[in-house]
Amino acid sequence: MDTSSPAVFVNGELLKMYVGRRVRTVLNVAKNEGGVTSGKCTDGQELTVKGGDATSFPVSHFVEVIGIADSNQSIRVEICTDFGEQFVSYVELQGLSGDMIFIGKLLLIVVTWNKGPFIVD
Amino acid sequence: MSLSQFDGGASFFSGVGFASSQSTQSTDPTLSKSRSAHGVIPLTVKQISDAYQSSENKAALAVDGVDAANVVILGLVTNKTEKSTDVSFTLDDGTGRINVIRWVNDSADADEGAVIQNGLYMVVIGSLKGFQGKMQLLAFSVRPVVDYNEIPLHFIHCIQIHAEHSRKNVGASAQLPGNLLNPTPTSAFSGAQENHLTPNQHSAPTNNSDASADIYKLVLDVFEEPASLASEHGLHVDEVARKLGIPLKKIQEAIEYHVDVGHVYSTIDDYHFKSACTS
């Protein structure tokens, strides 16, 4: 087992805290131009990604990007996966930093998702 | 309490009903720290790694005090190696990487092995085994992720099971609105605002009103009685008032508070409520 390079779940806001680190997020592709893909992240912020296969994905698809955060708004891609057009739920995970969350209306969880037992210490 | 009682929003979890027996077991007070488990626990590689490093008994791993012999993990396949006897690969779930072996005994196994490809998201169910000082997963089942919503679902399920198994801590946090209930709000949650409880949405009973704090506790206790937990529709407010002999207005006030902080929720109408407590 190797837990030395985890990919932290981020959205546009959280990305700023992890510049230089390995991160993962999902973009709704808006534009593909000159090897740079841009799109809205789950919190509505615009992010750009460079490298990898990111430029081969169609506009309006949701694309998961795993790579190094190289600035407040951009990620250098290592791996990306086309999640298609029917992806809805990353927003739930990225909102989990030490907050209470209801899943449906019944389940209450108090947890720190990106830290502690799950991703990074 | 088993997951099956979460009939509404938690139909979310209906696909992984096998964890129910596990949750039920975890509520048994006679089971000690290393409780035997027959279910399959959803875990992240980080949880397995942390448990392995902190565990004295490397042969029987326990995560959150529960025996984690059989687990389900989800991640990206890398380094696939195919032999006539087995298919091995590394699964990266974003929290870490673990080696997985799928033994090939018959043609069905071989077919499953052929589906495994580098770069694909796969769900692996298997048994954790220590081998030459390393933990690896002997897979019973390996299948590709078809609906990518399954990825966040898996992680939410990991969180839920972690919360269930660390129930005491979570319960304590929920009872005492403290640091966890006052996190620094960030704009990161805008997309799912309706699902979140922001700290300023509830007002805890204040210190200078011990009497009302007592009523709050009494009301919660009524909802957490086994009979109340077993009732599908929970309790009517009148019933709570009758049981406690406290004016209806006070009861409603207490219920309102408990609804806000997530201890109870309304069921069939605005007068029936049930505890969110799972044990």
Side-chain angles (χ1 to χ4, degrees), chain A residues 1-15 17 22-24 26 41-45 53 62 64 66 79-84 86-114 116-121, chain B residues 6-13 44-50 52 64 76 90 92 94-99 119 121 134-136 147-149 151-153 155-156 158-160 162-163 170 173-174 179-181 183-192 195-198 261-263 265-266 276:
Chain A
M1 278 177 298
D2 171 15
T3 55
S4 59
S5 59
V8 182
F9 280 89
V10 295
N11 55 20
E13 189 65 31
L14 294 172
L15 182 67
M17 294 161 56
R22 192 160 178 256
V23 294
R24 71 197 292 185
V26 168
C41 194
T42 49
D43 61 348
Q45 295 201 24
D53 299 328
F62 290 89
E64 186 203 45
I66 299 175
I79 305 165
C80 44
T81 310
D82 187 355
F83 279 1
Q86 305 296 323
F87 187 76
V88 290
S89 49
Y90 250 39
V91 68
E92 298 286 354
L93 273 184
Q94 287 158 342
L96 274 180
S97 296
D99 269 61
M100 299 169 79
I101 183 170
F102 290 91
I103 296 167
K105 65 173 185 179
L106 303 183
L107 177 67
L108 166 70
I109 293 178
V110 179
V111 72
T112 301
W113 166 250
N114 272 335
F118 294 106
I119 300 185
V120 288
D121 284 320
Chain B
F6 290 115
D7 45 2
S11 58
F12 230 56
F13 293 118
T44 64
V45 175
K46 175 87 165 34
Q47 286 177 289
I48 298 168
S49 172
D50 288 351
Y52 184 71
D64 299 324
L76 275 168
T90 304
D92 182 344
T95 72
R97 286 184 276 269
I98 189 167
N99 290 333
Y121 270 103
K134 285 183 180 172
M135 188 55 83
Q136 60 182 18
D147 180 343
Y148 290 99
N149 289 297
I151 299 168
L153 174 62
F155 289 120
I156 290 172
C158 290
I159 296 166
Q160 188 220 0
H162 167 68
V170 174
S173 313
N179 292 340
L180 277 169
L181 302 192
T184 311
T186 75
S187 57
F189 312 120
S190 55
N195 281 340
H196 290 272
L197 182 69
T198 52
V261 298
H263 293 156
Y265 57 91
S266 65

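So that the names make sense, note that chain A is the first sequence line, chain B the second, and so on, each numbered from 1.
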For N99(B), which residues count as a side-chain contact (heavy atoms from CB on, under 4.5 Å) partner, sequence neighbours excluded?
T90(B), Q136(B)
Taking the side chain as C-beta and beyond, is there a heavy-atom pair between Y52(B) and M1(A) under 4.5 Å?
yes
Looking at residues at least two apart in the chain, or sitting in another chain, which of them share a side-chain hydrogen bond (donor to acceptor under 3.5 Å, both in side chains) with D2(A)?
S4(A), R97(B)
Answer yes or no: is there a side-chain heavy-atom contact under 4.5 Å between I66(A) and D92(B)?
no
Against chain B, label I79(A) side chain, backbone, both or neither, depending on which of its atoms sit under 4.5 Å from a heavy atom there.
side chain
Given side chains that start at C-beta, do those of I151(B) and F83(A) come closer than 4.5 Å, heavy atoms only?
yes
Per-residue contact mode, T44(B) against chain A (heavy atom under 4.5 angstrom)
side chain
By a 4.5 Å heavy-atom criterion (distance strictly below it), what part of I48(B) contacts chain A: side chain, backbone, both, or neither?
both
Would you call the rings of F155(B) and F9(A) parallel, tilted or perpendicular, where under 30° means parallel and over 60° means perpendicular?
perpendicular
Stepwise side-chain contact (heavy atoms from CB on, under 4.5 Å) test for Y148(B) and V26(A)
CA-CA 11 Å; Y148(B) 290 99; V26(A) 168; over 6 Å; no
